[in-house]
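A short write-up of the structure that comes next.
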There are 2 protein chains.
Amino acid sequence: MQTTLYGEYRKLDRGGEAQRSLAYLRLRRAIQNTIESGAFPPGQALPSERDLAKKLALSRVTVRKAIGGLVEDGLLTQRHGAGTFVAERIVKSFSRLTGFTDDLRARGLKPRVKFLERGVGEVTPEEAMALNLSPGADVIRLRRLRFADDKPLAVESTAVPATVIADPNAVKLSLYDALEEIGCRPTRALQRLRAVALGADEAKLLDCDAGSPALAIERRAFLDDGRVVEFTTSLYRGDAYDFVAELHGD
Amino acid sequence: MQTTLYGEYRKLDRGGEAQRSLAYLRLRRAIQNTIESGAFPPGQALPSERDLAKKLALSRVTVRKAIGGLVEDGLLTQRHGAGTFVAERIVKSFSRLTGFTDDLRARGLKPRVKFLERGVGEVTPEEAMALNLSPGADVIRLRRLRFADDKPLAVESTAVPATVIADPNAVKLSLYDALEEIGCRPTRALQRLRAVALGADEAKLLDCDAGSPALAIERRAFLDDGRVVEFTTSLYRGDAYDFVAELHGD
DNA sequence: CACAATCATACCAATGAAATACCACTTTGG
DNA sequence: CCAAAGTGGTATTTCATTGGTATGATTGTG
């Protein structure tokens, strides 16, 4: 038996004395239970606020209060004029080479970036190894916090050889746009992906708890001639991001 | 199982008020399902936008919106004046499709497996969706604990249609060996990766703490004709397994 | 009474979708 | 070779429905 939203609400409705609780909290739990039971798959549209209010004999304000909490929690997404939807995880192709910005734009999300650091410096030994540079060479460094629709999704630390891009301020939103402008869009990349626990600092940046799972990705991007143009390490919130990869045999 | 586009759309269509969803999203999903089922081979032309609109009683704008999304995702290609086509697989991925056993052997580690469960049962709704089976069909289920050099690395839950392998005991160590013996080695697979926190049970199996990060991987493996032969969900210890992929642009 | 939750209502802004028309390109057939 | 037919590309208008927001009345409770 599939759980229905209305049934779930009525279940929470009765039991008045022992478990008295505010209407919008009851409704909120009802919606959450229904989603978690799988009756509303991700991407599914909820009934409209007006419908819900009418069917449950509540005012629209109350319904909105219930929905609002779940939107805050990231369980629901609302689109003005369209409706309320069960949130979908963001899916990124692991085998196609796209920058973060292009990727989000393609999904109709609003990418935003906040620069935590932007400067020039000497390569660290690790960067020298990854970028194939001699010790002492210069790189530009970007440390960026990535948002989708104003929710933090990832922290990225990027190093680009100063011989490729000399001015760190040339990178506005998308590194790949900046690279394309100077004819250096990479055509190949190696990625390494693993699961890690977030440290306290990173957790704070990403607005979740320390220790929560995240995807750690290291990427080296190459030009046709084999030069490395980018070395990036990223941390993606585990609860918001999926990667898909298509594999081929033989 | 072959699916038709119109059938697929109507399947998503019914369910009326309980399962409301926007028309262009329904159509989009329908087209995607149809392509992934293998009914439309790469290079195949779709019906024209006007035909689709007429047959499905939608406006052409709506049809275009559905198609547009899939073109953005690279699943379809449109040629002005010619038509809409299922995209050829341009990207030759270097990611090789290998089972866990082959993978570890290649790394010079000693694979070992312990069966936690091995049996036959009816498909769950989730499996039915993933394997493209009808509800009520049988699958064989394997739940395996994977070791490398006697250290636990992953738990894997696998479902294979009983029409492909009827006897669960036919699988000794490697599922892919067993599939190869009967000439059903998959040639393509889709994987989904994300980071999750381990539950108490899984943590115990993998000999680490509850809540520690892990890679959750869902894999659907396909034959040439589009049939799904395997649906596996795995949990890899985050501190012990890396995933490496080579990406290609353009 | 004071206060907060809730209801009722009205209006605004954004989106989905339909209907329609016209353009530009490709394919096809005479 | 050329014209007709069919294809995607684009734009416009119209309408219903949806979420976004503000305001004031009503209810229940301490």
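So you know, we letter chains A, B, ... as the sequences are listed, proteins then strands, and number each from 1.
If you check every strand for non-hydrogen atoms under 4.0 Å, A:A57 touches sugar and phosphate atoms only. Contacts of B:A23 with the nucleic acid, taken as non-hydrogen atoms under 4.0 Å apart, involve only primed sugar atoms and P, OP1 or OP2.
For B:T84, the side-chain atoms get nearest to D:dG8 when compared with the rest of C:dA17, D:dG19, D:dG8. Distance from the side chain of B:V61 is smallest to C:dA19 among D:dG9, C:dA19, C:dC7. In this structure, the nucleotide among C:dG16, D:dG19, C:dC7 sitting nearest to the side chain of B:Y24 is C:dG16. Picking from D:dG19, C:dT15, D:dT7 the nucleotide with the shortest atom distance to the side chain of A:R79 gives C:dT15. When the nucleotides D:dG9, C:dT26, C:dT15 are ranked by their closest atom to the side chain of B:A82, C:dT26 comes out on top.
Counting only heavy atoms from C-beta outward, the side chains of B:L76 and B:I67 approach each other to under 4.5 Å.
Note: CG (B:L22) to C1' (D:dT17) measures 11 Å, nearest angstrom. B:L46 places its CG atom 19 Å from the P atom of D:dG6, with the value rounded to the nearest Å.
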Go through it in stages, so that I can follow the logic: the residues are A:T158 and A:E230, the test is side-chain contact (heavy atoms from CB on, under 4.5 Å), and I'd like the CA-CA distance, side-chain angles, deciding distance and then a yes or no.
CA-CA 7 Å; A:T158 301; A:E230 173 208 15; 3.9 Å; yes
Where do A:L206 and A:V155 land on the side-chain contact (heavy atoms from CB on, under 4.5 Å) test, with the steps shown first?
CA-CA 8 Å; A:L206 294 175; A:V155 254; 4.2 Å; yes
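Using a distance-only test at 3.5 Å, with no hydrogens or angles considered, a donor-acceptor pair links the side chain of A:E202 to the main chain of A:G199.
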